[in-house]
Amino acid sequence: MQLVDTLSVVGEVLSWIGLGIGVPLLIVALLIRLVEGQWIPVEIAVIDRDGRPTARWFAGGDFHERPLRRSEPTATTDGWLDGFHSSNDPARIRIGEPPHLRRVLRTVGVVFAAVGAVGLIVSFLPLVL
């Protein structure tokens, strides 16, 4: 077997693996973005309502409010927190950084798809040479 044939076989295997994993990951990342929308920074005021800390914020042209969960951080000394609200639903907030799952899926998907695309190009070497 010649070197070009070996490269072609390796390129074909890489293209199947890379595109087979990368494209579905990119589709899942796109679906998550469509469902969640973009996370937009917002300042959140924390008040005490009926003995429970409650978050209030202004987004989408309206004021929103919800009680804080036990796992969420409470306000700093000045009563303000940094958070993010969903562009699809301004009533949804996240205190602190939004989850990185979509970014991880997109990055891994791009890497696998790029390896698959390079493998696909290399697999066509015997046709050119």
Side-chain angles (χ1 to χ4, degrees):
M1 189 179 269
Q2 294 180 355
L3 177 64
V4 175
D5 294 331
T6 304
L7 286 176
S8 173
V9 170
V10 170
E12 185 172 352
V13 169
L14 287 177
S15 69
W16 279 103
I17 292 171
L19 293 175
I21 294 173
V23 171
L25 287 177
L26 289 172
I27 291 171
V28 169
L30 177 66
L31 291 174
I32 291 173
R33 174 162 176 117
L34 291 175
V35 170
E36 286 187 347
Q38 184 177 4
W39 290 101
I40 301 169
V42 66
E43 284 189 340
I44 301 167
V46 178
I47 61 169
D48 185 37
R49 173 159 298 189
D50 300 328
R52 292 192 64 190
T54 302
R56 298 179 111 185
W57 66 98
F58 181 78
D62 199 9
F63 283 100
H64 304 278
E65 136 177 349
R66 76 162 169 85
L68 288 177
R69 297 181 195 103
R70 292 179 197 256
S71 62
E72 292 177 325
T74 57
T76 57
T77 56
D78 59 357
W80 292 91
L81 290 171
D82 292 326
F84 294 85
H85 74 84
S86 172
S87 62
N88 287 352
D89 183 10
R92 287 185 58 206
I93 61 163
R94 293 195 185 267
I95 296 176
E97 289 290 319
H100 300 292
L101 176 64
R102 181 175 66 202
R103 186 178 310 152
V104 169
L105 289 175
R106 184 182 63 216
T107 302
V108 173
V110 165
V111 168
F112 271 97
V115 168
V118 169
L120 185 65
I121 291 168
V122 169
S123 70
F124 286 123
L125 278 179
L127 297 176
V128 177
L129 299 176

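This is a predicted model, so every value here is computed, not measured. If you read the sequence from its start, that first residue is 1, and numbering goes on from there.
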As an exercise, state the distance from OG1 of Thr107 to CG of Leu26, rounded to the nearest 0.5 Å. 9.5 Å
In terms of heavy-atom contacts, Ser123 and Ser8 come closest through O-OG, 3.2 Å
Around atom CZ of Phe84, are there more than 12 heavy atoms from other residues, nucleotides or ligands closer than 6.0 Å? yes
Joint cluster assignment, Phe58 & Leu81, ILVMFWY side-chain distance < 4.5 Å: no
If I take atom CH2 from residue Trp16 and atom CG from residue Leu120, how far apart are they, to the nearest 0.5 angstrom? 10.0 Å
For residues Ile93 and Trp39: do they belong to one hydrophobic cluster (side chain heavy atoms under 4.5 Å, members Ile, Leu, Val, Met, Phe, Trp, Tyr)? no
Output all residues satisfying side-chain contact (heavy atoms from CB on, under 4.5 Å) with Val111, sequence neighbours left out; order by chain, then residue number. none
Minimum heavy-atom distance between Trp57 and Ala59, given as atom pair plus value: CD1-CB, 3.8 Å
Here the pair of heavy atoms bringing Arg102 nearest to Arg33 is NH1-CA, 3.4 Å
According to a hydrophobic-cluster definition based on side-chain heavy atoms being under 4.5 Å apart (Ile, Leu, Val, Met, Phe, Trp, Tyr only), do Val46 and Val42 belong together? yes
Rounded to the nearest 0.5 Å, the CZ atom of Arg49 sits from the CD atom of Glu65 at a distance of 4.0 Å
Does any N or O in the side chain of Thr54 come within less than 3.5 Å of the main-chain N or O of Pro67, such that one atom is a donor and the other an acceptor? no
Keeping Ser87 on the side-chain end and Gly37 on the backbone end, is there a donor-acceptor pair under 3.5 Å? no
Please tell me whether Val28 and Ile17 are part of a single hydrophobic cluster in this structure, the criterion being side-chain heavy atoms less than 4.5 Å apart. yes
Side-chain ion pair, Arg103 and Glu97, N-O less than 4.0 Å: no
Using the rule that Ile, Leu, Val, Met, Phe, Trp and Tyr join whenever any side-chain heavy atoms are under 4.5 Å apart, tell me whether Leu3 and Leu125 fall into a single cluster. yes
Exam field: side chain Asn88 to backbone Leu34, donor-acceptor pair closer than 3.5 Å: yes
Non-neighbouring partners of Val23 that pass side-chain contact (heavy atoms from CB on, under 4.5 Å), sequence neighbours left out: Leu19, Ile27
Using the salt bridge (Lys or Arg N to Asp or Glu O under 4.0 Å) rule, pick out the option among Arg94, Arg52, Arg66 that qualifies with Glu72. Arg66
Kindly compute the distance separating CG (Leu7) from CG (Leu14), expressed to the nearest 0.5 Å. 10.5 Å
Nearest 0.5 Å, please: how far is CD1 in Ile95 from CD1 in Ile44? 4.5 Å
To the nearest 0.5 Å, tell me how far Glu43 CD sits from Arg56 CZ. 15.5 Å
Taking Asp89 for the side chain and Ala91 for the main chain, is one N or O donor matched with an acceptor at less than 3.5 Å? yes
If you look at every heavy atom in Leu25 and Gly109, which pair is closest and at what distance? CB-CA, 3.9 Å
Would you say that Asp82 contacts Pro41 through its side chain, given a criterion of any heavy-atom pair below 4.5 Å between the two side chains? no
